[in-house]
Amino acid sequence: MEKELLYPITNDYRFDQSLDGMWDFKFDSRANGLVEGWQNGLPNSIKMPVPASFNDFFTDKDSREYTGDFWYSKRFFVPSMLENRTIAIRFGAATHRVVVYVNGIEIRQHEGGFLPFQADVTNAIRFGEENVVSLKLNNELSRETLPAGDTITLKNGKKMVKPFFDFYNYSGLNRSVHLVALPTQRITDFTAVTKLENGKAYVDYTVALLNQTDTKISVELADDTGKTVAKSEGDTGTLVVNQPVLWQVRDAHLYRMSIKLFKQDQEIDEYSDLIGLRTIEIKGHQILVNDKPVYLKGFGRHEDSIYAGRAYDRNVEKRDYELMKWMGANSFRTSHYPYDEEAYRFADREGFLIIDEVPAVGFKMAAASFLGGLDQSFFDGDWIEQLYEKHLDQIVDLIKRDKNHPSVLAWSLFNEPDTSTDSAVPYFKKIFNATANLDPEKRPRTFTLSEDDTFETSKCKQFPDFYLLNRYPGWYHKWGYEISEGEADLRQEMDQWQASDIEKPIVFSEYGADTEPGMHKLPSVMWSEEYQVELLEMFGRVFDDYDFIQGEQPWNLADFQTVEGNMRVNGNKKGLFTRDRQPKEAAFGLRQRWQNM
Ligand SMILES: CCCN1C[C@@H](O)[C@H](O)[C@@H](C(=O)O)C1
């Protein structure tokens, strides 16, 4: 659980320098880098881009599939003028775990490959000189890690991951690295929660400090013209905005919240960030934003692109937003892990709603080594206690990092866990109880229900504030000419939800068909573009017949890389767009449906 996750900024008190670029890189297959002194720098290393996954740069299989310890290292200069400040290195993510060394001294460790963490290196660096940061990463999977999987050792001695999930185990420094200098007495966090009443916005705020002695706080809110519209003092308070311009879905308006810290009337720190004035509520079968019902049109996505793998690439993000806007979308789920902070800033600006998901994926033995299947309930495993600690830790950090984004609609605490057995219930009870008050705004919490976790079979329907359903009739069962049976089964389940006393919205968070771009067949067959069109049309017909269905997010926005398998043709092809972001035929049909909604 990280203490400080504020996004790095530069101002008169704070300094932020990117350490992105080419780093030294070296595999440590014998895990003896530490013994050989790699914490002081890497001998006979190669150069590796940061941010990037290392996998797809290589031309040999052993390197691409490498599993185990591997190191990054970089020399960096710290100017003397930064003395008397806290010096830290902030990592956007390191996948999946890391030990941080500076000038040979171990600074800290971090577990969890999709959230930021900060290493305070003040006592290890040398001012006015070159320093060296060395990182020992590890990308193995296990049943007590997020995401879940196994790691095996082949007869040739090579390690190999067996993911319990359907995305490639891209590894490395997948997000940006920052060298930051911070005041020793400083702002470490803030919260801002909006209420709307009688045409005014009331922003209840809190400010957290490191070392509060003799300090005072002032807070201002400025509109997008820079005009101050509200002021307050103190570490908690309410900013009152007359005639607020609200943050609306696909019509975003942002305000800049500026916090100033004073000591004996002298300003010693300042932090500012953009917020949106809006409210979110689940009411009956509806999702309300600013008291108005919203129907979610969007996608399951992946952070995935050619060359850089899972690395955040703002060029890809820009193209994805242009595609989603072209489609008439208004939302997406960060399947199946927290995305880069920049992706949420895009959504804040564009007025998109995000279902923010932790990497609690693979908590289902039937998905073990992706459809290989192991026959037991995941929640009966002896790994559950350790898993719970890491799971809670990552929910805490996810909410701490993303709580002030107007784009965040809800928290998805699991993807497709096995909820068909009683042993799931105590685990869910612990997670939902422990996370009930983490979000100051108390946004809805949910998880995705897999095909096996239906209205009849799931033992955990009592927990979520609304439902995310992943359903694959027409693909994983009742496929091809039998799709009419698939539609009938789907309608039968929807009738059960409808006949129940459950008063919560349902969003379809996954449905789709693998589609080879350019494959055409009349009449359609599976894998043809025509079949993807027909399958999505079938789902659209069902959605239109049940008013408690309040969202549709087909799987996936774009094709993406997976492990090899006899059900994958160089990755998952359920994208409405290809991996290089060009449309398949189904994109045009779905665009027309959404334009007319
Ligand atoms: C069957 C598991 C549910 N869903 C998970 C997602 O990660 C996969 O990519 C998707 C698929 O198989 O296309 C299925």
Side-chain angles (χ1 to χ4, degrees), residues 1-26 28 33-34 36-43 45 48 50-51 69-113 115-138 172-189 208-211 268-269 271 341 393 397 400-401:
M1 294 176 193
E2 296 300 304
K3 295 189 191 68
E4 287 188 73
L5 285 176
L6 290 179
Y7 196 70
I9 62 172
T10 293
N11 59 27
D12 278 346
Y13 314 97
R14 291 168 174 258
F15 170 83
D16 168 28
Q17 177 194 317
S18 171
L19 293 182
D20 290 355
M22 298 304 283
W23 285 52
D24 294 339
F25 179 87
K26 194 175 177 67
D28 186 2
L34 203 51
E36 294 184 10
W38 297 8
Q39 63 274 32
N40 297 296
L42 307 184
S45 58
M48 184 61 65
V50 170
D69 290 355
F70 53 100
W71 291 70
Y72 284 81
S73 185
K74 188 176 185 68
R75 298 192 171 281
F76 62 101
F77 186 84
V78 181
S80 309
M81 67 183 180
L82 295 181
E83 284 203 84
N84 305 319
R85 285 178 173 79
T86 297
I87 308 298
I89 301 179
R90 187 187 192 270
F91 301 87
T95 308
H96 290 289
R97 58 196 62 79
V98 64
V99 183
V100 179
Y101 301 90
V102 167
N103 297 332
I105 300 164
E106 180 176 336
I107 306 297
R108 64 163 295 175
Q109 304 188 14
H110 184 263
E111 169 79 30
L115 283 167
F117 60 97
Q118 198 159 282
D120 183 337
V121 299
T122 314
N123 299 328
I125 51 118
R126 294 185 289 267
F127 289 95
E129 292 184 38
E130 198 172 62
N131 297 269
V132 60
V133 54
S134 277
L135 309 170
K136 183 176 76 161
L137 279 79
N138 177 282
L173 290 179
N174 286 327
R175 297 183 186 157
S176 286
V177 183
H178 297 251
L179 174 68
V180 296
L182 305 167
T184 51
Q185 259 190 306
R186 62 179 176 271
I187 300 153
T188 55
D189 199 4
L209 301 179
L210 179 66
N211 186 350
I268 59 170
D269 191 14
Y271 192 81
E341 288 155 294
D393 178 66
D397 283 359
K400 188 178 185 74
R401 184 191 76 165

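Since the structure is predicted, the reported quantities are computational estimates derived from the model, not experimental observations.
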I'd like to know if the side chain of [X] reaches the main chain of [Y], judged simply by a donor and an acceptor atom lying under 3.5 Å from each other, with no hydrogens or angles considered.
X: Tyr101; Y: Lys136; result: no
X: Asp69; Y: Asn138; result: no
X: Thr10; Y: Phe15; result: no
X: Thr188; Y: Glu4; result: no
X: Asn131; Y: Val102; result: no
X: Arg186; Y: Pro183; result: yes
X: Asp393; Y: Met1; result: yes
X: Arg90; Y: Leu5; result: yes
X: Ser73; Y: Asp24; result: no

(request) Verify whether the ring centers belonging to Phe70 and Trp38 lie closer than 6.0 Å. (result) no
Validation row: [X], [Y] side chains within 4.5 angstrom (heavy atoms):
X: Ile89; Y: His178; result: no
X: Glu2; Y: Pro116; result: no
X: Pro51; Y: Leu173; result: no
X: Ile87; Y: Val180; result: no
X: Ile107; Y: Asp120; result: no
X: Ile9; Y: Asp16; result: no
X: Ile125; Y: Phe76; result: yes

With rounding to the nearest 0.5 angstrom, report the [atom1] to [atom2] distance, [X] to [Y].
X: Leu137; Y: His96; atom1: CG; atom2: NE2; answer: 10.0 Å
X: Leu135; Y: Lys74; atom1: CG; atom2: NZ; answer: 11.5 Å
X: Gln17; Y: Leu82; atom1: CD; atom2: CG; answer: 8.5 Å
X: Glu111; Y: Arg97; atom1: CD; atom2: CZ; answer: 4.0 Å
X: Gln118; Y: Leu6; atom1: CD; atom2: CG; answer: 8.5 Å
X: Asn103; Y: Gln39; atom1: CG; atom2: CD; answer: 11.0 Å

(request) Assign the ring pair Tyr72 / Trp23 to parallel, tilted or perpendicular, where the plane angle (0 to 90°) is split at 30° and 60°. (result) perpendicular
(request) Please work out whether the ring planes of Phe117 and Phe91 are parallel, tilted or perpendicular, with thresholds of 30° and 60°. (result) parallel
(message) To check you understand the geometry: which heavy-atom pair defines the closest contact between Gln185 and Asn211, and what is its length?
(response) NE2-O, 2.7 Å
(message) Ignoring hydrogens, what is the shortest heavy-atom contact between Arg175 and Leu115? Give both atom names and the distance.
(response) NH1-N, 4.2 Å
